[in-house]
Amino acid sequence: RVLVRSARLIGTEFGKAGIVGANFEKANLGGANFFGADIQRSEFTGANLAKVDFTEVVARGARFTGADIGQGALFKDANLAGADFSNSSLQGAKLKGANLTGTNLKRADLRNAEDVTCQQLRTAHIDTTTKLPAYIKINWTSDTDYDCVLIED
């Protein structure tokens with residue numbers, strides 16, 4: 001099991017690596033490349049993930065709680081099913097084609113995130129504290145039910 005807690009791994013190459021269950025808690029991974037890596041059940045709690053490339057990763061069950069994912073992070077076609085992004089900042093992240101089935105986005109900040117769809121949100125877990133991009137409008141009908149509308153320019 002890989003343990004790199006609180007490490008400084010800026011720009012590190014993890015492309016296509018099999019690092020299931022790795023612990024990157026509080027690590028500085030700014031600009032790292034995880035393209036196509038298997039990071040299922042890995043721990044990224046409190047990590048700096050600015051400009052990290054998570055394109056096509058398998059991150060089922062991974063924990064990103066409280067992580068600063070920030071501008072330029074790529075999650076294109078990533079499998080994030082069951083991942084935990086609660087209390088995370090995903091501002092400016094790109095989520096085109098990402099599988100968010102069962103993903104915890106409660107208290108997450110997705111303002112300025114790109115390519116988020118209502119379909120993705122319907123499969124994820126959000127709540128009234130989830131901050132969404134300006135192009136998505138949520139009309140809450142109860143504590144757990146809502147209508148999602150994509151606002152056109």
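Please read all numbers here as calculations on a predicted model, not as lab measurements. Hydrogens, waters and symmetry mates play no part in the numbers below; they use all other heavy atoms, side chains included.
Contacts classified as ring-ring contact (aromatic ring centres under 6.0 Å, His included) and involving residues 79-118 (residues at least two apart or in different chains) are given here: Phe64-Phe85, Phe75-Phe85. Judged as a ring-ring contact (aromatic ring centres under 6.0 Å, His included), not a single pair has a partner in residues 96-118 (not counting sequence neighbours). Residues in residues 80-131 take part in these disulfide bond (SG atoms under 2.5 Å apart) pairs, two or more places apart or across chains: Cys118-Cys148. Applying the ring-ring contact (aromatic ring centres under 6.0 Å, His included) test to residues at least two apart or on different chains, none of the pairs has a partner in residues 98-118.
One N or O on the side chain of Thr103 and one on the backbone of Leu80 form a donor-acceptor pair closer than 3.5 Å. Formation of a donor-acceptor pair under 3.5 Å by the Glu25 side chain with backbone atoms of Gly46 is not found in this model. Checked by atom type and distance alone, the side chain of Tyr146 never pairs as donor or acceptor with a backbone atom of Ile126 at under 3.5 Å. A donor-acceptor pair is defined here as one N or O able to donate and one able to accept, closer than 3.5 Å; such a pair exists between the side chain of Asn28 and the backbone of Gly30.
Atom CZ of Arg60 sits about 7.5 Å away from atom CG of Asp38, to the nearest 0.5 Å. With rounding to the nearest 0.5 Å, the separation of CD1 in Ile138 from CG in Leu132 is 5.5 Å. With rounding to the nearest 0.5 angstrom, the CZ atom of Arg107 is 6.5 Å from the CG atom of Asn104. Atom CG of residue Asn87 and atom OG1 of residue Thr65 lie 7.0 Å apart, to the nearest 0.5 angstrom. Here the straight-line distance linking atom CD of Gln120 with atom CG of Leu100 works out to 4.5 Å at 0.5 Å rounding. A distance of 10.5 Å separates NZ of Lys96 from OG1 of Thr117, quoted to the nearest 0.5 Å.
Under a hydrophobic clustering in which Ile, Leu, Val, Met, Phe, Trp and Tyr are joined whenever their side-chain heavy atoms come within less than 4.5 Å, directly or via other members, Leu90 and Tyr135 fall into the same cluster. In terms of hydrophobic clustering, with Ile, Leu, Val, Met, Phe, Trp and Tyr side chains grouped at heavy-atom distances under 4.5 Å, Leu49 and Leu74 are assigned to different clusters. Put simply, Val116 and Leu150 are part of the same group of oily side chains (I, L, V, M, F, W, Y) that touch within less than 4.5 Å, one to the next. At a threshold of 4.5 Å between side-chain heavy atoms, the hydrophobic network of Ile, Leu, Val, Met, Phe, Trp and Tyr places Ile10 and Ile19 in two separate groups.
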So Glu13 and Asn33, side chain to side chain donor-acceptor pair (under 3.5 Å) or not? Walk me through it.
CA-CA 5 Å; Glu13 278 290 327; Asn33 181 3; 3.3 Å; yes
Apply the test side chain to side chain contact (heavy atoms under 4.5 Å, CB included) to residues Phe44 and Ile69: give CA-CA distance (whole Å), side-chain angles for both, the deciding distance (0.1 Å), then the verdict.
CA-CA 10 Å; Phe44 293 91; Ile69 296 158; over 6 Å; no
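Here Glu114 pairs with Lys94 under the side chain to side chain contact (heavy atoms under 4.5 Å, CB included) rule; sequence neighbours left out. With sequence neighbours left out, the side chain to side chain donor-acceptor pair (under 3.5 Å) criterion links Thr101 to Asn99. Thr144 is linked by a side chain to side chain contact (heavy atoms under 4.5 Å, CB included) to Ser142, counting only residues two or more places apart in sequence or in another chain. Listed by chain and number, the residues in a side chain to side chain contact (heavy atoms under 4.5 Å, CB included) with Thr12 are Leu9, Phe14 (sequence neighbours excluded). Qualifying side chain to side chain donor-acceptor pair (under 3.5 Å) partners for Asp127, counting only residues two or more places apart in sequence or in other chains: Thr129, Thr130. Every residue two or more places apart in sequence or in another chain that forms a side chain to side chain donor-acceptor pair (under 3.5 Å) with Asp109 is listed here: Gln91, Arg111. Here Lys16 pairs with Phe35 under the side chain to side chain contact (heavy atoms under 4.5 Å, CB included) rule; sequence neighbours left out.
More than 12 non-hydrogen atoms from other residues, nucleotides or ligands lie less than 6.0 angstrom from CZ of Arg122.
Summarising the geometry of Gly66 relative to Ser88, their closest heavy-atom pair is N-OG, 3.3 Å, with the distance given to 0.1 Å. Nearest heavy atom pair, residue Ser42 against residue Ala22, reads OG-N, 3.0 Å.
Between Val149 and Asn139, the closest side-chain pair of non-hydrogen atoms falls below 4.5 Å. Side-chain contact between Leu29 and Asn48 is absent, with no heavy atoms from C-beta onward closer than 4.5 Å.
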List the atom pairs, with distances to 0.1 Å, where a side-chain N or O of residues 50-59 and a protein N or O form a donor-acceptor pair under 3.5 Å, not counting sequence neighbours.
residue: Asp53; atom: OD1; partner: Thr55; partner atom: N; Å: 2.8
residue: Asp53; atom: OD1; partner: Thr55; partner atom: OG1; Å: 2.5

